[in-house]
Novice: 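So that we are looking at the same thing, I have put the structure below in structure tokens.
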Amino acid sequence: MTDLTLGELASAIAARKISALEATDACLERIARLDRRLRAFITLDADGARARARALDADLAGGRRRGPLHGVPLAYKDLCHVPGLPTSCGTRTPEYFTGAVECTAVARLTAAGAITLGKLNMTELALGPFGDNPHHGDVDNPWKAGHVSGGSSSGSGTAVAAGLAFGALGSDTGGSIRLPAACCGIVGLKPTYGRVSRAGAMPLSWSLDHLGPMTRSVRDAALMLEIVAGHDSRDATSSPRAVGPLVAALEAPVRGVRVALPENYYFDGVTPEVRAAVEHAARTLASLGADVRTLRLPDPAPMIDVCNILARSESSTIHARVARERPHELGPAVRARLEVGFHISAHDYLQAARLRARLTRAFVDEVFGEVDAILAPTIPEPAPALATVTAPPVEEIVRRMGRFSRLTRPFNGLGLPVLAVPAGFASDGRPLGLQIVGRPFDEASVLRLGHAWEHAADWRTRRPSL
């Protein structure tokens, strides 16, 4: 049962072939058997999940279906505030993030019928790309033990890949949805900035944070996005733009869609297997009628510098209290990254914000006047050994973090929608990933391209051996 996609399970429950309680128990059994090694969960709400499943089964028996996710068990990154459950944000403090505002994205999924299994492990304060956590244990890669699960939404990536949950929410400030999606061989969607409300979720950087779905299939990601997207009065940055039908648009042909392979930066320093996988995906899309071409993109270095200034300043401001009053509670790399932000001037911060707007306008005008989407690697190499990338000194750990996330970070500054999808496997079985980038608020196109590639590829039914 846990091999089903989210959409397949929802259809089976609606047809009364599987009950919500059976699906929930299947997840809980798998969590009990596997999570001691994987460490995907921080908080598991088994009793609450079963109680809701029974109530949803009773609703369905009485002819009431709450929504498209009726009876589907999901789990959420532990920076989403869910009433009745602690929100540690990966720290040693169970109630690190508190407030009266429920995470809007979670509330919308619950209203659509989803069941909450619990809260998922994450890099401390969402400040790292590897999935290590000194307080709750390092999240393991389900495909290759001892290897990076990706961060900071590490528990979300592992839980979905391992069949512990049928879908999850992650957050993405510099790649934190897409990196674990690539490392764990699943689908992750960073929507356009403002497409999904961030109300009720711990911020890391007000200027760069995104919430989005993490699933086993592109169709599942489209379904979850349809539910969570849309304006929210509790988040002033959320967009009033209509979302449109995303699932229904998946089957439209990709013939004539203009897709760019970057000539510069995005293939620099990637392993031969990563390059070959992305180029194979490009050839596959071309065989389906897409117009694939190479294109020189604007140099991302200035935008990366802008993102670093914004993220460091804002994260230090948001987490100033713990960094100043209880620094001993933080891991060394997280503490070092927060400390940098205290030394950035207001002048530099404001200049970075102004430059970001100018760079974004120039990028959108220049690139999307030529093409409809960009195809690029998500990570420069298959998931490395965790012990290697987290080995001291701290300064080198921070440099490795920057190198590992350098292909995802520019698109946070640009605020563009990006879909991370599997691109096959390395020779030793580690997943490979690619990202599909679209123009602002054009999630439909990146999802359609990802869906076409997914169904033309031969990897989509593979599961890790656990």
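Not measured: the values here are computed from a predicted model. Start at 1 with the first residue, then count along the sequence.
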Novice: Suppose we screen for salt bridge (charged side-chain N to carboxylate O under 4.0 Å, His left out). Which residues come up paired with D365, at least two apart in sequence or across chains?
Specialist: none
Novice: For S316, which residues count as a side chain to side chain contact (heavy atoms under 4.5 Å, CB included) partner, sequence neighbours excluded?
Specialist: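 Partners of S316 by the side chain to side chain contact (heavy atoms under 4.5 Å, CB included) criterion, ordered by chain and then number, come out as L338, F342.
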Novice: Checking H343 now: which residues fulfil side chain to side chain contact (heavy atoms under 4.5 Å, CB included) with it, not counting sequence neighbours?
Specialist: E339
Novice: With sequence neighbours left out, write down each residue that passes ring pair (Phe, Tyr, Trp, His ring centres under 6.0 Å) with H147, or none if nothing qualifies.
Specialist: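 In terms of ring pair (Phe, Tyr, Trp, His ring centres under 6.0 Å), with neighbours along the sequence ignored, H147 is linked to no residue.
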Novice: Which ring-ring contact (aromatic ring centres under 6.0 Å, His included) pairs, counting each pair once, include a residue from residues 269-320, with sequence neighbours left out?
Specialist: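 Residue pairs passing ring-ring contact (aromatic ring centres under 6.0 Å, His included), neighbours aside: Y96-H319, H280-W453.
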Novice: What pairs with F368 under ring pair (Phe, Tyr, Trp, His ring centres under 6.0 Å), at least two apart in sequence or on another chain?
Specialist: none
Novice: Tell me, which pairs form a ring-ring contact (aromatic ring centres under 6.0 Å, His included) where one or both residues lie in residues 228-272, sequence neighbours left out?
Specialist: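 Pairs touching residues 228-272 that pass the test: Y266-F411.
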Novice: Can a salt bridge be assigned to the pair E226 and R108 using a cut-off of 4.0 Å between side-chain N and carboxylate O?
Specialist: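 Judged by the 4.0 Å cut-off on N to carboxylate O distance, E226 and R108 do not form a salt bridge.
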Novice: Mind checking ring pair (Phe, Tyr, Trp, His ring centres under 6.0 Å) for F97 and listing every partner two or more places apart, or none if nothing turns up?
Specialist: none
Novice: I'd like to check the side chain to side chain contact (heavy atoms under 4.5 Å, CB included) partners of R400; sequence neighbours left out, ordered by chain and number.
Specialist: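 Residues passing side chain to side chain contact (heavy atoms under 4.5 Å, CB included) with R400: F130, V389, A391, E396, I397, R403.
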Novice: In chain order, what residues pass the salt bridge (charged side-chain N to carboxylate O under 4.0 Å, His left out) check against R296, with sequence neighbours excluded?
Specialist: none
Novice: Does the side chain of R219 come under 3.5 Å of the side chain of T5 through a donor N or O and an acceptor N or O?
Specialist: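 The answer is no; no qualifying pair exists.
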Novice: Are R195 and F441 in a cation-pi setup, meaning NZ or CZ lies under 6.0 angstrom from the ring centre and within 45 degrees of the ring axis?
Specialist: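 Not flagged: R195 not positioned over aromatic ring of F441.
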Novice: Could you work out, with side chain to side chain contact (heavy atoms under 4.5 Å, CB included) as the rule, every residue matching S11, not counting sequence neighbours?
Specialist: none
Novice: Salt-bridged, E279 to R275, with N to O below 4.0 Å?
Specialist: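 Counted as a salt bridge, because a side-chain N and a carboxylate O are separated by less than 4.0 Å.
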Novice: Any chance the side chains of K77 and S156 put a donor and an acceptor closer than 3.5 Å?
Specialist: no
Novice: Would you verify whether the NZ or CZ of R178 falls within 45 degrees of the ring axis of F404 while also being under 6.0 Å from that six-membered ring's centre?
Specialist: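 That pair does not qualify as a cation-pi contact.
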Novice: Answer with yes or no whether the side chains of R354 and Y349 bring together a donor and an acceptor at under 3.5 Å.
Specialist: no
Novice: Return the set of residues passing ring pair (Phe, Tyr, Trp, His ring centres under 6.0 Å) with H451 (not counting sequence neighbours), or none when no residue passes.
Specialist: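 Partners of H451 by the ring pair (Phe, Tyr, Trp, His ring centres under 6.0 Å) criterion, ordered by chain and then number, come out as H455.
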Novice: Under 3.5 Å, is there a donor on one side chain and an acceptor on the other for N121 and S154?
Specialist: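 Distance-only check fails for N121 and S154.
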